[in-house]
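Below: one structure, written as structure tokens.
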Amino acid sequence: MFVEAGVIGLTIIIVAIFIILAIFFTFVPVTLWISALAAGVRVSIFTLIGMRLRRVIPSRIVNPLIKAHKAGIEVTINQLESHYLAGGNVDRVVNALIAAHRANIELSFERAAAIDLAGRDVLEAVQMSVNPKVIETPFIAGVAINGIEVKAKARITVRTNLDRLVGGAGEDTIIARVGEGIVSTIGSSASHSVVLENPDLISQTVLAKGLDSGTAFEILSIDIADVDVGKNIGAELQIEQAQADKNIAQAKAEERRAMAVATEQEMVAKVQEMKAKVVEAEAEVPMAMAEALRSGNLGIMDYMNYKNIQADTMMRDSIAKSTNDDNTQNK
């Protein structure tokens with residue numbers, strides 16, 4: 001019975017020791033500590049335990065530290081851990097430092113960390129400093145002084161300026177500035193043939209403007225890849241202006257015609273008004289004659305002479321009207 005109790009107790013002790021060792025090796029990365037010692041990097045066990053307590057994955061710090069030590073770059077474990085806690089990519093920063101060191105590019109850990117925390121790929125920036133990048137613009141249209149449209153496409157060779165990478169403008173700004181320079185150069189040319197004969201004039205003029213100021217890049221060259229002739233903008237503008245002048249002239253002529261018609265109608269109305277006054281005046285003649293007869297100022301013979309003259313006038317008007325109608329029919 002005592003033997004069985006001793007076996008059970010020994011088993012419990014062994015299991016407890018196994019559990020304790022499993023927890024210890026899980027909490028304390030002993031293999032990582034051994035790897036660091038083998039690489040010549042001194043990292044204490046307590047430092048690794050402190051990383052666990054600060055919720056830092058030790059491998060994310062120790063492995064880049066080993067890599068940097070082997071590359072001959074002086075960084076401390078506190079720098080790497082602080083960058084990790086700030087949300088940065090420690091491995092990418094160390095790779096960028098190694099690439100810059102191999103290419104003899106001066107890059108400190110603080111600047112690389114700042115570039116990484118700014119949201120830019122610091123390793124890609126270093127690689128672009130060694131191997132420049134070519135940015136191709138779309139066709140950019142400009143109008144020469146003679147009114148002919150010229151379209152040009154440019155290839156911009158740039159490399160990263162690490163000193164201006166934080167806070168510097170990006171590729172869109174470079175493309176916009178180059179496009180503005182192309183439009184300005186074409187617009188200042190006397191003729192489109194000048195641009196076609198010497199497209200290098202565009203690149204030289206644009207490159208001399210210092211368009212990379214305030215950007216994260218340094219422009220190495222601007223090459224004109226293609227030049228095309230577009231529309232005759234000047235002629236189209238002249239045609240549109242002529243059409244507009246024609247419409248204005250037609251509108252003014254229509255206005256004058258309407259005024260003439262209105263004046264004519266006013267004259268017709270006045271004629272009718274005068275005729276009405278004549279009729280009104282003629283209507284007063286019989287009344288005046290009657291008054292003259294009553295007052296003795298007009299005799300009966302005078303009245304009869306007036307009627308004869310009136311009848312003679314009407315006869316003459318009738319004969320003249322018949323003669324005019326016959327002449328009209330004969331024609």
Side-chain angles (χ1 to χ4, degrees), residues 15-133 135 158-173 215-218:
V15 171
I17 293 173
F18 180 77
I19 293 174
I20 292 172
L21 290 175
I23 295 174
F24 177 79
F25 284 109
T26 301
F27 193 75
V28 180
V30 178
T31 56
L32 188 62
W33 176 71
I34 295 173
S35 299
L37 288 180
V41 178
R42 293 185 173 274
V43 181
S44 65
I45 290 291
F46 298 103
T47 302
L48 298 177
I49 295 174
M51 289 182 187
R52 290 289 192 187
L53 295 175
R54 289 187 292 272
R55 296 184 179 180
V56 176
I57 302 175
S59 60
R60 299 285 182 87
I61 305 298
V62 176
N63 288 333
L65 183 64
I66 294 172
K67 191 189 303 183
H69 178 75
K70 289 297 183 181
I73 299 173
E74 294 294 333
V75 293
T76 63
I77 195 168
N78 289 330
Q79 288 177 321
L80 299 180
E81 188 175 354
S82 63
H83 185 64
Y84 177 86
L85 291 173
N89 191 322
V90 177
D91 193 61
R92 186 163 54 194
V93 169
V94 170
N95 290 337
L97 291 174
I98 294 173
H101 180 70
R102 293 287 186 269
N104 292 325
I105 298 174
E106 185 178 352
L107 179 64
S108 63
F109 176 81
E110 288 75 14
R111 182 171 295 278
I115 294 172
D116 184 64
L117 292 176
R120 296 183 179 269
D121 192 333
V122 62
L123 180 59
E124 181 182 355
V126 173
Q127 291 173 347
M128 194 182 299
S129 297
V130 179
N131 185 21
K133 181 181 180 180
I135 303 173
V158 297
R159 68 181 176 190
T160 305
N161 190 326
L162 296 176
D163 294 333
R164 297 198 303 256
L165 192 59
V166 178
E171 295 182 9
D172 293 338
T173 302
T215 66
F217 303 97
E218 179 183 353

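Predicted model only: the values in this text are computed from it and were never measured.
Across all their heavy atoms, G87 and L117 have their closest contact at C-CD2, 4.2 Å. Taking both residues in full, the closest heavy atoms of I135 and V158 are given as CD1-CG2, 3.8 Å, listed atom of the first, atom of the second, then distance. The shortest heavy-atom contact between A125 and L162 is CB-CD2, 4.1 Å.
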Determine all donor-acceptor pairs shorter than 3.5 Å in which one atom belongs to a side chain in residues 57-69; sequence neighbours excluded.
from : atom 1 : to  : atom 2 : distance (Å)
N63  : ND2    : S59 : O      : 3.3
K67  : NZ     : D91 : OD1    : 2.8
K67  : NZ     : N95 : OD1    : 3.0

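In this structure, E218 CD and M128 CE are separated by 13.0 Å, a value rounded to the nearest 0.5 Å. Separation of atoms CE (M51) and CG (L80) is listed at 8.5 Å; rounding is to 0.5 Å.
With hydrogens and angles disregarded, no donor-acceptor distance shorter than 3.5 Å links the side chain of D116 to the backbone of V122. R159 contributes no side-chain N or O that, together with a main-chain N or O of V130, makes up a donor-acceptor pair within less than 3.5 Å.
A 4.5 Å side-chain heavy-atom check between V90 and E81 finds every atom pair outside the cut-off. Residues F109 and H83 are in side-chain contact: their nearest non-hydrogen atoms beyond the backbone lie under 4.5 Å apart. Between L107 and R111 the shortest side-chain heavy-atom distance falls below 4.5 Å.
For the side chain to side chain contact (heavy atoms under 4.5 Å, CB included) with L97, the qualifying choice from V126, I73, L123, I105 is I73, the only one to do so.
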What do the steps show when you test V43 against I77 for side chain to side chain contact (heavy atoms under 4.5 Å, CB included), and what is the final call? CA-CA 9 Å; V43 181; I77 195 168; 4.1 Å; yes
